[in-house]
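Below is one structure. I have some questions about it.
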Number of protein chains: 2
Amino acid sequence: MIIEIDFQSDEAIYMQLRNQIIMGIATSALQEGDTLPSVRQLADDIGINMHTVNKAYSVLRQEGFVTIDRRRGAIVSLDVDKTRALAEMKQSLRVVLARASCKNVTRQEVHGLVDEIFSEWEQEE
Amino acid sequence: MIIEIDFQSDEAIYMQLRNQIIMGIATSALQEGDTLPSVRQLADDIGINMHTVNKAYSVLRQEGFVTIDRRRGAIVSLDVDKTRALAEMKQSLRVVLARASCKNVTRQEVHGLVDEIFSEWEQEE
DNA sequence: GTTTTTGTTCTAGGATTACTATAACAAAGG
DNA sequence: CCTTTGTTATAGTAATCCTAGAACAAAAAC
């Protein structure tokens with residue numbers, strides 16, 4: 001799985017990393033049981049500090065996407081709390097859809113985009 | 001329109017303010033042509049600094065949700081660039097949906113949530 | 001047994017951002 | 001004339017982000 005960090009972005013590096021790993025899981029580029037690179041190796045590959053990678057991994061652990069084992073490192077393992085996931089998603093969606101709605105994006109167009117995104121993922125499986 | 005700031009949140013105050021105003025527009029609590037409170041008055045009401053409100057207004061202007069007039073202050077006026085809005089929304093949706101998908105939220109459930117949110121807004125009009 | 005690699009922890013410094021605080025300005029309106 | 005408007009400048013505090021170097025115990029590799 002290829003990770004691309006935009007150093008010009010105003011989004012923190014550890015957040016870009018977190019989001020890309022989550023999208024990697026969603027697209028099945030990363031599967032349950034897969035191990036992520038060690039913090040030192042990934043930091044070296046990307047050209048950032050070890051602690052920045054460690055922070056991304058810690059956030060992923062806290063959010064229930066990986067478990068961290070001293071021997072094997074970070075392992076993709078999903079702690080599914082669907083009720084919580086739905087509540088959190090609704091909150092995020094409200095902000096995203098409000099912005100879109102102000103710009104005259106219709107409910108149908110949103111549905112279309114959702115389908116597009118899900119289709120992209122299913123193709124890659 | 002009621003604005004609620006969570007001072008314990010890790011989200012910046014000016015971003016909370018920006019998002020609530022955008023949601024206010026989406027729900028028609030704020031309509032095109034309406035004037036927002038002056039930066040000093042709103043800052044006083046909320047109990048924050050004038051410059052924090054000013055920053056929120058500046059972001060809203062840059063994103064095309066309000067125009068700012070020296071006489072009347074910030075006025076809701078939507079600069080609709082739908083192509084850009086769709087592109088930006090898709091990028092945001094990708095992250096939100098990836099998180100949900102990992103937690104076994106289905107495409108159908110996302111559609112349901114989208115409808116729920118749009119319905120909330122339409123009821124208030 | 002020795003060496004390497006693993007995550008973890010500590011301290012520390014630099015850079016940037018967020019927020020607050022004053023103060024002052026020109027423009028418009030009452 | 002006085003008030004209110006957004007705007008700008010300066011300044012300080014606090015928090016966050018990122019980097020850096022060092023060290024530790026535990027597990028794996030040799």
Quiz item: Which pairs pass salt bridge (charged side-chain N to carboxylate O under 4.0 Å, His left out) with one or both residues in residues 88-100 of chain A, sequence neighbours excluded?
Solution: A:R84-A:E88, A:K90-B:E116, A:K90-B:E120, A:R94-B:E120, A:R99-B:E63
Side-chain polar contacts of residues 38-48 of chain A - donor-acceptor pairs under 3.5 angstrom, sequence neighbours left out - could you list them?
from	atom 1	to	atom 2	distance (Å)
A:S38	OG	A:Q41	N	3.1

Quiz item: On DNA chain C, which is the earliest and which the latest nucleotide, 5' to 3', with an atom closer than 4.0 Å to a heavy atom of chain B?
Solution: C:dA18 to C:dA28
Quiz item: Transitive ILVMFWY cluster of A:V95 at side-chain heavy atoms under 4.5 Å: who else is in it?
Solution: B:M23
Exercise. Specify the separation, in whole Å, of atom OH of B:Y57 and atom P of D:dG6.
Key: 8 Å
Quiz item: Is there a residue in residues 30-47 of chain B whose heavy atoms reach under 4.0 Å of DNA chain D, and which residues are they?
Solution: B:S38, B:V39, B:R40
Quiz item: Is A:I2 isolated, or which residues cluster with it under the ILVMFWY side-chain rule of less than 4.5 Å, directly or via members?
Solution: none
Exercise. Applying side chain to side chain donor-acceptor pair (under 3.5 Å), name anything that partners A:E11, two or more places apart in sequence or on another chain.
Key: A:N19
Self-check item: Near-strand residues of residues 58-76 of chain B, defined as heavy-atom separation under 4.0 angstrom from DNA chain D
Solution: B:I68, B:D69, B:R70, B:R71, B:G73
Exercise. Any salt bridge (charged side-chain N to carboxylate O under 4.0 Å, His left out) involving residues 50-61 of chain B? Give me the pairs, sequence neighbours left out, ordered by first then second residue.
Key: none
Dump every N/O contact between nucleotides 15-17 of chain D and the protein below 3.5 Å, one line per pair.
from	atom 1	to	atom 2	distance (Å)
D:dC17	OP1	A:Y14	OH	3.0
D:dC17	OP2	A:K55	NZ	2.9

Quiz item: Rounding to a whole Å, what distance do you find between B:N49:CG and D:dT7:C1'?
Solution: 14 Å
Quiz item: Is a side-chain donor or acceptor of B:K82 paired with a backbone partner of A:V105 at a separation under 3.5 angstrom?
Solution: no
Exercise. Using the test side chain to side chain contact (heavy atoms under 4.5 Å, CB included), find all partners of A:S92 that sit at least two apart in sequence or belong to another chain.
Key: B:V96
Any protein N or O atoms within reach of nucleotides 8-12 of chain D? Criterion: under 3.5 Å, listing atom names and distances.
from	atom 1	to	atom 2	distance (Å)
D:dT8	O4	B:H51	NE2	3.2
D:dA9	N6	B:H51	NE2	2.8

